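Keep in mind that what you see is a predicted model, and the values were worked out from it rather than measured.
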Amino acid sequence: MSTAKKQNPPPLAPWQYEIGGVVLGTGSYVPVGDIEGLGAPATRSQDTDNPNGEGSSPGRDFYGPRPLRFEAGIKTPGDPVKGADILARLERALDAPDARTAPDGRHVLRGRWPGHSTRRMYGRLRRVETTSTATAIHGWIPLDVEFVGLDNPRWYDDELSELTLGLDQAARTTDMDRTVDEALGRPATCRRTADPEHRPADDRPGWVTNWGDVPTYPSLRVHGPVAGPRIWNTVTRRLLELDLSLRGGEWVEIETRPRTCWALRNGSVNVANDLSPVSRLDLFTLPPGRSEIAWSAVDPSGTARLEVAWRSAYTTL
């Protein structure tokens, strides 16, 4: 899934939000008066009426899109030029072709509430409207901004977690919960760790942690040379296996996120038909908490590796 291109997104303080590089909220040039839609999104129920009696049969309740409406304003007292520039940046963010016209394109809304890290949502920026220009000459431009969360209404960790696994199970990761680098770097002596909560199993290289409260969708990439790769999660018991071979320098990229489920060889060749019948991309998720990713394959060189990337998923900002 492509998103509007941004470089070095600004850090956010509590009660701040960011769209297209423009910071909104407390302490910014775009104070926010009210936000609608931060609660639970509307549901699409599949209830069916009882044709021969009262009541109805409950079906499945699915979430619809999550519209978020910002009642805000650009506030640059005595500097109408800066106010006009901020408005133009918001308009350019909405107009970004990668996010606006591509079917898989998405804008990114980032936000932070007190006590939480910065989180993000994928969707479309649908409206940037000036409700009045009467005071624009004084640097005050009231705004009506609407962002619609699509695909699923989840919030994701702004920081990407990554894990690399070789077939020899020597791993490295940026997930702060893991102790693999520490374990591999200490001398090979049998001494008790100073951390009373530390257990030998903590040094297993495939641990992944979803810090959120709902399952999240990982991205996976297998680098050759390798044949017949099989990837599984030891907690969910979900399996992905590919009946193919990769030469050195080749790779297969597997995306499991909603509306972006694919398996591509070298970024262009569809190899979804090489997935086994039990390989359900839409069900291969990382549950909340800690789980373990493992994989196997045929690799005479011992240089093949699996890369896993994910963002922790939350129900709320």
Side-chain angles (χ1 to χ4, degrees), residues 1-3 17 19 34-71 99 102-113 115-127 144-158 161 208-220 232-233 235-240 254-262 272 275 277-291 310-317:
M1 178 174 64
S2 63
T3 57
Y17 312 87
I19 304 175
D34 191 20
I35 304 176
E36 298 177 2
L38 281 178
T43 58
R44 297 181 289 107
S45 64
Q46 294 184 338
D47 301 344
T48 57
D49 293 335
N50 188 337
N52 297 316
E54 299 171 339
S56 61
S57 298
R60 302 175 67 183
D61 288 350
F62 293 100
Y63 287 133
R66 184 197 289 267
L68 299 176
R69 180 176 173 270
F70 293 78
E71 180 185 309
D104 63 341
R106 299 291 184 270
H107 292 99
V108 177
L109 169 66
R110 301 167 64 240
R112 183 181 175 189
W113 271 24
H116 294 171
S117 59
T118 300
R119 298 173 183 176
R120 59 170 53 192
M121 177 178 290
Y122 297 94
R124 289 281 177 89
L125 182 59
R126 288 279 165 80
R127 179 189 301 171
D144 188 2
V145 179
E146 184 179 59
F147 180 94
V148 180
L150 301 171
D151 299 326
N152 62 44
R154 306 302 187 191
W155 293 91
Y156 292 93
D157 201 331
D158 198 43
S161 296
V208 295
T209 302
N210 174 8
W211 296 99
D213 50 16
V214 289
T216 190
Y217 299 90
S219 301
L220 306 106
W232 64 93
N233 187 298
V235 172
T236 64
R237 303 294 182 182
R238 289 294 175 182
L239 169 70
L240 298 176
I254 303 174
E255 280 289 354
T256 64
R257 292 176 296 176
R259 252 69 68 192
T260 59
C261 291
W262 65 57
L275 287 166
V278 299
S279 301
R280 289 284 302 272
L281 296 181
D282 59 326
L283 298 179
F284 194 88
T285 60
L286 304 181
R290 191 165 71 168
S291 59
W310 72 97
R311 298 180 189 272
S312 299
Y314 306 83
T315 55
T316 62
L317 176 61

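Atom CG of Asp104 and atom OH of Tyr122 lie 13.0 Å apart (nearest 0.5 Å). Going from atom CG of Leu275 over to atom CD1 of Ile254 covers 6.0 Å, rounded to the nearest 0.5 Å. Distance CZ/Arg154 to OH/Tyr314: 13.5 Å, rounded to 0.5 Å. Atoms CG and CZ, from Leu125 and Phe147 in turn, are 7.5 Å apart once rounded to the nearest 0.5 Å. The OH atom of Tyr217 sits 12.5 Å away from the CD atom of Glu255 when rounded to the nearest 0.5 Å. Once rounded to the nearest 0.5 Å, the distance linking CH2 of Trp310 with CG of Leu220 reads 10.0 Å.
A donor-acceptor pair under 3.5 Å is absent between the side-chain atoms of Thr216 and the main chain of Leu286, judged by distance alone. Side-chain N or O atoms of Arg119 include one that pairs as donor or acceptor with a backbone N or O of Thr316 at under 3.5 Å. A side-chain donor-acceptor contact under 3.5 Å links His116 to the backbone of Leu317. Remark: side-chain polar atoms of Arg311 are paired, donor with acceptor, to backbone N or O of Asp157 under 3.5 angstrom. Using modelled atom types, no side-chain atom of Asp282 and backbone atom of Cys261 make a donor-acceptor pair closer than 3.5 Å. In this structure, Arg124 contributes its side chain and Ala99 its backbone to a donor-acceptor pair below 3.5 Å. Panel note: side chain Asn210, backbone Ala313; a donor-acceptor pair is recorded below 3.5 Å.
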Exercise for the section: Kindly determine whether Thr285 and Thr256 satisfy side chain to side chain contact (heavy atoms under 4.5 Å, CB included), including the steps that lead there. Expected result: CA-CA 8 Å; Thr285 60; Thr256 64; 6.0 Å; no

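By the 4.5 Å heavy-atom criterion applied to side chains, Val214 and Trp155 are not counted as neighbours. Considering only heavy atoms from C-beta on, Asp151 stays 4.5 Å or farther from Thr260 through its side chain. Between Tyr17 and Val145, the closest side-chain pair of non-hydrogen atoms is not below 4.5 Å.
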With a cut-off of 3.5 Å and sequence neighbours excluded, list every side-chain donor-acceptor pair involving residues 55-68.
residue	atom	partner	partner atom	Å
Arg66	NE	Pro153	O	3.3
Arg66	NH1	Gly39	O	2.5
Arg66	NH2	Pro153	O	3.0

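Under the side-chain contact (heavy atoms from CB on, under 4.5 Å) criterion, Arg238 pairs with Thr236, Leu283, Phe284, not counting sequence neighbours. With sequence neighbours left out, the side-chain contact (heavy atoms from CB on, under 4.5 Å) criterion links Asp158 to Arg110, Thr118, Arg120.
The two residues Ser312 and Gly212 come nearest to each other via the heavy atoms CB-N, 3.7 Å.
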